[in-house]
Protein chains: 2
Amino acid sequence: MAADCLMSLMGKLPSPRLLTEEALGMIARRFALLAEPMRLRLLHALFEGEKPVNALVTLSGGTQANVSRHLQALAEAGILSRRKEGLQVFYAIADPSIFKLCDLVCGSLEQKLVRDAEAFGHRSSGQA
Amino acid sequence: MAADCLMSLMGKLPSPRLLTEEALGMIARRFALLAEPMRLRLLHALFEGEKPVNALVTLSGGTQANVSRHLQALAEAGILSRRKEGLQVFYAIADPSIFKLCDLVCGSLEQKLVRDAEAFGHRSSGQA
DNA sequence: GACATATATGCGCAAACGTGCATATAGTTG
DNA sequence: CAACTATATGCACGTTTGCGCATATATGTC
C-alpha cells in the first residue's frame, strides 16, 4: 500500500542505492507543482479539456509570460501534454491522476472545514 | 468529479463569493505541505504508526528544531494528530487521504519513469 | 529547590520561487 | 520581405521558505 510507495518507486529507478533522497525529491517536486494557485487555476481550466495558451491566459487572468512558464513546468513534469497547431499551442491534462489528487485534497479539506466549524460551534454558543 | 472539486469546496465555506481564490490557496497550501522531502520523510516514518518526536528526529536525520517545526505545520493542517504523554509528544497521521495521495503520486511517477526509460531506449540519445 | 530530558520558538541567513517587464523565436498573412 | 499574432525566454526584484543556532518552555526526577 502507501507505506512502501517509495520502495516500489525505487525499484523502477536505475541505481537503487542513492535513490531514496532522489525519489523523495521527485515526489516533493510533483506536489510542489500543484502547490501554486495559478497552476491550480490552469489545471482547473484544463479540466474541461484541451485549450490554447491565450485562452488559459484569459481564463486565469495571469500574464502571458507567467502562464507560459507554468504550463511549460507542468508539461515538463508530464502532467500536461503539448500540441502545436499553427500559431497556437494547445495544452491538455496528460496525467489522469491529477483529477483524483484534487478530489482527495478537496474532500479532505471539506471534512476539515466541517470539523473546524463544528468545533467552533461547540466551544462558543454563537458563531464569529 | 474532479472538475468541480473547487465548487463543492466553496459550498462548505461561510462566504461563497470571495472563496475561489481562498479555496485555491487552501488547496495549494495542502499540496505545499507535501512538497518538502523532509516532511515526506516524516510522513513516511509515520506510515508505520504513531511515533514520538525524538524517534522521528533519529529516523529522518534532521535537526530536532526542524523536525518539530515540520510536525507542527502538518498538525496545524490537520494532517497529523498530536498527543502529549509525559515528556514526549506523539504524532500520528490523522488524515488518511495522505496514503492515497502518496500512492497516486508514486504510481504516476512510476509510469512516467517507465515511459521515459522506454523513450530512452528507442532513441540513442535523450533530452534533459 | 536543582537538574535533566523532550519539545517548541525567536532570530538571521541563504536558496528557491513566482512575477512583471522587455524581448526573442516561431508561424501566418499581406 | 514586412507586419502581425502566439508563445517562449532572459533578467531583475520582492517574497517566501527551509534551515541552523541558541534559547525558552514543559515535564519528570532527584
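Residue numbering restarts at 1 for every chain, and letters A, B, ... go by the order of the sequence lines. Given the structure is predicted, the values throughout are model-derived calculations rather than measurements.
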Under the rule for salt bridge (charged side-chain N to carboxylate O under 4.0 Å, His left out), what residues qualify as partners of [X], not counting sequence neighbours?
X: A/R29; result: none
X: A/E76; result: none
X: A/R39; result: none

Partners passing side chain to side chain donor-acceptor pair (under 3.5 Å) against B/S97 (at least two apart in sequence or in another chain) | B/D95

Side chain to side chain donor-acceptor pair (under 3.5 Å) partners of A/Q111, counting only residues at least two apart = none

Between B/M38 and A/S68, which is nearer to the 5' end of DNA chain D once each is assigned its nearest nucleotide?
-> A/S68

Using the side-chain hydrogen bond (donor to acceptor under 3.5 Å, both in side chains) rule, collect all pairs that involve residues 51-67 of chain A, keeping only residues at least two apart or in two chains.
-> A/E48-A/K51

Once you apply a heavy-atom cut-off of 4.0 Å, does [X] come out as touching a base, just sugar-phosphate, or nothing?
X: B/E36; value: sugar-phosphate
X: B/T63; value: sugar-phosphate
X: B/N66; value: base
X: B/Y91; value: sugar-phosphate

Sorted by number, residues from residues 69-85 of chain A placing a heavy atom under 4.0 Å from DNA chain C are A/R69, A/H70, A/K84

Quick one: list whatever passes side chain to side chain contact (heavy atoms under 4.5 Å, CB included) with A/V53, sequence neighbours left out.
-> A/V57, A/V67, A/L71, A/V89, A/Y91

Note: chain A reaches DNA chain D at heavy-atom distances under 4.0 Å over the stretch, first to last nt, 5' to 3', of D/dT5 to D/dC11

Take the protein atom CG of A/L42 and the nucleotide atom C1' of C/dT19, then report the distance between them rounded to whole Å.
-> 14 Å

